[in-house]
Each structure stands twice: as structure tokens, then as C-alpha cells.
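Encoded as C-alpha cells, the structure appears first; notes follow it.
Scope of the values below: all heavy atoms of this structure, side chains included, with no hydrogens, waters or symmetry mates.
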Amino acid sequence: MKKILLTLCCVLAFSMSYAQSNLDIAKVYIKRANSVIEESIDYKEALILFEKAMKYMDTITSPEIASLGSRIYFELKDYREAKKYSKQFFLISKDKKSEVYEQQLDLFVTINEELELQIAEEKRIAEEKLRKEKELQKIDSLKTVWKATSNKLTIKVDSIYDFNKNNYALYSKDNKFGVLNDVGDIVVEASEFSYGVSFEGYIVLQNKKENPNKIFCFNTYKGTGAMLPNPSDFNSISTHFGKVMLPRSNGRLVTYPNNSYEPMVYDLNVKKTVKVSNQEDLLKTLKKGDIIRKYNKDGEVKIEKDWYIFGGHLGGGVHPLYVENDYNINAYLFSVDGTVLPANSQYNYLGTFHNNKIEALKGNTRVWLNQNGTKVRALKDTTANYEGNSKVVKLEEGSYQIFKDGKIVKGTESLEKMVDYLRKFN
């Protein structure tokens with residue numbers, strides 16, 4: 001029992017000694033804090049010293065220390081901590097008539113006023129933050145809607161070619177060609193035709209580039225199109241259209257079907273094959289003008305010493321000439337002056353004559369001739385110049401959008417740019 005009492009006494013003495021030591025250390029830091037305030041009014045440094053002192057104190061029993069803490073935190077605008085130490089001061093202060101008490105009471109009122117303002121500002125900031133978060137959520141939601149709508153108005157194709165004067169253009173997708181207008185309406189699906197060409201207001205689509213057996217022609221003046229009749233409708237033993245020339249602004253298109261002694265001249269406006277209405281009268285006129293020497297009832301003509309199968313009329317007095325048992329064109333007769341151009345050495349194929357010019361092909365080389373077969377300046381496609389305000393924008397490979405009047409358009413639907421769209425809802 002005596003040993004236990006002795007042990008307790010030792011522990012108590014040690015604790016009292018340790019507590020006394022901590023309190024002494026705390027007093028040193030408190031003294032330093034007061035000195036820093038008096039000498040340099042450095043409340044940040046004073047706070048560091050004060051907090052060190054607090055590490056050595058379990059509770060504050062001195063009104064002066066409580067007052068010091070309250071004043072330091074007040075000066076540093078930490079009003080919650082200042083109020084906590086101010087309350088501690090009033091709990092332990094006994095002399096309510098002292099000057100220190102009056103000063104602390106005045107400080108306490110000021111602390112409460114500043115704390116109310118601080119709390120109100122914190123509330124305002126929190127509400128503003130919440131408002132901004134809601135606004136950002138709203139913007140994110142609007143962006144999601146905009147992106148979905150933008151994607152809906154995106155044209156998924158491989159290429160969009162230049163629009164012509166009538167606001168139509170070729171486009172390609174998966175190696176097929178189609179037609180769309182300058183607001184993104186697909187007017188001919190790219191599903192069947194693997195080749196397309198646009199010239200002088202007409203768009204020609206072919207199921208094959210060479211020797212096609214299906215041709216679709218779109219009239220951009222009228223905004224309508226139609227399939228050409230089967231080549232066998234023109235000539236019973238023809239199986240394909242052969243060489244297809246450029247369409248001309250008068251609506252005439254020339255093709256050279258196989259197994260035929262005559263080109264197929266087709267009028268895209270009236271959708272009919274064009275032939276010489278009275279060939280005998282035409283041949284009689286040519287003979288009278290000494291353009292040909294003879295002709296017979298079988299449609300054969302003699303020029304100089306050679307007989308040819310008369311191959312119809314390409315316009316402008318230009319006539320293809322064939323020879324028996326050969327479906328390849330042998331020559332072209334320019335009846336305006338009697339010029340004969342051999343097809344095998346000059347030009348393999350001629351188109352239709354219009355506006356004083358006729359297209360001529362030699363292999364893959366295209367030139368333009370006048371009415372007597374002389375090479376002239378290349379024909380300029382006057383419908384190639386687009387006059388509208390639509391702009392094709394490539395987003396990525398296989399994705400395009402059309403902008404018109406500052407908006408994305410597709411058919412009757414439109415969408416503002418994202419910044420304008422967001423501004424509209426805010």
C-alpha cells in the first residue's frame with residue numbers, strides 16, 4: 001500500500017512539474033506574440049506564436065490570453081475563431097468594470113457584426129456557385145442537344161463537288177454518285193451509279209464509266225431527272241450506250257451505242273431520241289450543194305470515191321459516217337464546207353453541236369471544234385459558277401455540313417452555330 005501511495009505521489013509530482021513546464025513555455029510564446037504586435041504590428045507572425053503557445057495549454061484560464069487570441073484572429077479576419085476566444089474571455093473574466101473588459105465587449109460586438117457580414121457573403125458566394133453550377137449544367141445539356149441536332153444535320157458522304165449555278169452538285173458515297181442541292185437535300189441517292197459528270201446545267205449518272213447500260217440524267221434547270229431508255233430501244237442489237245459525251249445546255253446528249261451505225265442523240269428536255277425527220281430531203285440538199293456526190297435509198301452516201309453509211313445528224317451540219325460491217329465511226333462530215341475528218345486519225349467521237357462549238361474526243365483528250373472541224377478555244381461551262389451563299393464544310397472524313405446564312409442547314413431544318421444557340425437560351 002505504501003508503495004502504491006509512493007508511486008502516485010511521484011506521478012502527481014511529475015505531472016505537476018510537466019504541466020508547470022508547459023505553461024512556462026506557453027507564456028514565452030505569448031510574450032513573444034505580444035512583442036511582435038507592439039513592435040511591428042505583425043499579426044500573422046503573432047498568430048504563429050500564439051498557436052505554438054496553445055499547443056502547450058490544455059485550457060485558457062487567463063483573460064489576457066483569451067483577449068490576445070480574440071484580437072489576433074479579428075485582425076486576420078477569422079471572425080469565427082475571434083468570437084470563440086472572445087467568449088472564452090467572458091467566461092473567465094471576473095472584473096466586468098475593467099478597461100480590458102470594456103474593450104473586449106466592444107470588440108465582441110464588432111466581431112459579431114463582421115461575422116454576420118462574412119456569413120452573408122459566404123452565403124452569397126455559395127448561392128452564386130450553385131447558380132453557376134446549374135448554369136453550367138444547363139449549358140452542358142444545351143451543348144448535348146446542339147451536338148445531337150448538329151449530327152442530325154450532318155451529311156454522311158465521301159465527297160461533295162462544287163454546286164452549279166442552279167444550286168445542284170454531284171456527291172459520292174461508297175464509290176457511287178448522286179445529286180444533292182445547296183441546302184443538303186439528297187435528290188438522287190448515291191446507290192446505283194458509279195460515275196457522274198456535271199456540265200452546262202445537266203448531271204449525267206452512269207452505272208459504269210465505260211460502256212454503261214444505265215444512264216440517269218438530272219436537269220438542274222427544272223430540278224427533275226429521268227432514266228434514258230434502254231440502248232436496245234434505240235437499236236435492237238445494242239447492249240450498252242458505248243461512249244457518252246458531255247450534255248449541252250440545249251438538253252442534247254450524244255452516246256455511241258454498240259452494234260449501231262448511228263449515234264443516239266437524246267433530248268433531255270422532251271425525253272425523246274432525236275433523229276433526222278426526213279433523211280431523203282437532207283441527202284438531196286447535201287447532193288445539191290455538192291457536199292456528197294451520190295446517195296441511195298439504203299441511206300448510203302458517196303463522198304469523193306468512197307461510199308459511207310450516213311449516221312444521222314449531230315447538229316450544225318455535222319454527220320457521222322460509217323462503213324459496212326464496222327460499227328466504229330469512220331469519219332465525220334462537216335457539211336457547212338464539205339470537210340471530212342477521219343475518225344481514226346483525228347477525233348474518235350463528237351458530241352452535239354451547240355453555240356458554235358462541238359465536243360471532240362481523241363482517247364482521253366477533249367477539245368472543241370467549230371462548224372467546219374477546226375479546233376477552237378475550250379468551251380467554258382457558264383453554269384459552273386455557283387451564285388448562292390451555301391458553304392460546304394468538311395468536318396472529318398465522310399462527314400460534311402452545309403452552312404447558309406450563318407446556320408447549318410439540311411433540307412427545311414437549320415441550326416445556329418453553337419455560340420449563337422447557347423446565347424439564345426441564356
Pair D326, N328: side-chain N/O donor-acceptor within cut-off below 3.5 Å: yes
Test applied, salt bridge (Lys or Arg N to Asp or Glu O under 4.0 Å); reference residue, R80; option that passes from E116, E114, E122: E122
CD/E128: more than 12 non-hydrogen atoms of other groups inside 6.0 Å: yes
D281 side chain reached by V276 side chain, heavy atoms, under 4.5 Å: no
K424/E416 ion pair, N-O < 4.0 Å: yes
Matching residue for Y421 among V145, T149, I408 - test: side chain to side chain contact (heavy atoms under 4.5 Å, CB included): V145
Shortest non-hydrogen contact between V244 and P212, atoms and distance: CG2-CG, 3.8 Å
Pair K243 + E210, salt bridge at N-O below 4.0 Å: yes
Backbone N/O of D182 and side chain of S390: donor-acceptor pair under 3.5 Å: yes
Centroid-centroid distance, Y347 to Y332, less than 6.0 Å: no
Close side-chain approach of V301 to L321, heavy-atom, < 4.5 Å: yes
Check: Q104/S93 side-chain N/O donor and acceptor closer than 3.5 Å: no
Note, R252 side chain near V274 side chain (heavy atom, < 4.5 Å): yes
Main-chain N/O of K209 paired to Q206 side chain as donor or acceptor, under 3.5 Å: yes
Polar side chain donor-acceptor pair, Y171 to D158, under 3.5 angstrom: no
Side-chain donor/acceptor of N370 to backbone N/O of T374, under 3.5 Å: yes
Electrostatic pair E127-R124, nearest N-O below 4.0 angstrom: no
Closest contact, heavy atoms only, K362 versus A343: NZ-O, 4.4 Å
T383 and N166 side chains, donor-acceptor separation under 3.5 Å: no
Greater than 12 external heavy atoms within 6.0 Å of K214's NZ: no
Donor-acceptor contact below 3.5 Å, side chain S70 vs main chain A82: yes
Side-chain donor-acceptor contact under 3.5 Å, T382 with E200: no
Carboxylate-amine/guanidinium proximity below 4.0 Å for D420 and R423: yes
Check: F218 ring centroid to Y168 ring centroid under 6.0 Å: yes
S86 side chain near L107 side chain, heavy-atom distance below 4.5 Å: no
E135 and K138 ion-paired at < 4.0 Å: no
H313 side-chain N/O to G317 backbone N/O, donor-acceptor pair under 3.5 Å: yes
Minimum heavy-atom distance between A53 and Y29, given as atom pair plus value: CB-CB, 3.6 Å
Ring-face cation of R71 near F74 (centre distance under 6.0 Å, axis angle within 45°): no
Under 3.5 Å side-chain donor-acceptor pair for E64 and S62: yes
Donor-acceptor pair between N213 and N230 side chains, under 3.5 angstrom: no
Salt bridge flag under 4.0 Å for residues K394 and E397: yes
Among Y327, Y256, Y308, ring pair (Phe, Tyr, Trp, His ring centres under 6.0 Å) partner for Y261: Y327
Polar side-chain atom of S414 near backbone of K410 as donor-acceptor pair, under 3.5 Å: no
Heavy-atom closest pair, residues L369 and L350: CD1-CD2, 4.0 Å
Within 6.0 Å of NZ in K302, more than 12 heavy atoms from elsewhere: yes
I41/V36 under side-chain contact (heavy atoms from CB on, under 4.5 Å): CA gap, chis, key distance, verdict: CA-CA 6 Å; I41 319 177; V36 166; over 6 Å; no
Check: Y202 and N269 side chains under 4.5 Å, non-hydrogen atoms: yes
Note, T255 side chain near M245 side chain (heavy atom, < 4.5 Å): no
V336 backbone acceptor or donor facing Q371 side chain under 3.5 Å: no
Side-chain (N258) to main-chain (H240) donor-acceptor, under 3.5 angstrom: yes
H319-F310 aromatic ring centre distance below 6.0 Å: yes
E280 atom CD, neighbour heavy-atom count above 12 within 6.0 Å: no
Shortest non-hydrogen contact from F193 toward M227: CZ-SD, 3.8 Å
Aromatic ring proximity Y79/Y73, centre distance under 6.0 Å: no
Criterion side-chain hydrogen bond (donor to acceptor under 3.5 Å, both in side chains) on N164 and T220, from CA distance to verdict: CA-CA 9 Å; N164 69 6; T220 69; 3.2 Å; yes
Sidechain-backbone polar pair: E359 side chain, L246 backbone, donor-acceptor under 3.5 Å: yes
Main-chain N/O of I30 paired to N34 side chain as donor or acceptor, under 3.5 Å: yes
Residues, nucleotides or ligands: over 12 heavy atoms within 6.0 Å of N175 CG: no
Side chain proximity check, I92 to I60, heavy atoms < 4.5 angstrom: yes
Closest approach of E300 to W307 (non-hydrogen atoms, all atoms of both residues): O-CZ3, 3.6 Å
K55 NZ: over 12 foreign heavy atoms closer than 6.0 Å: no
Distance, nearest 0.5 Å, that separates CD1 of I65 from OG1 of T61: 6.5 Å
F89 ring center within less than 6.0 Å of F108 ring center: no
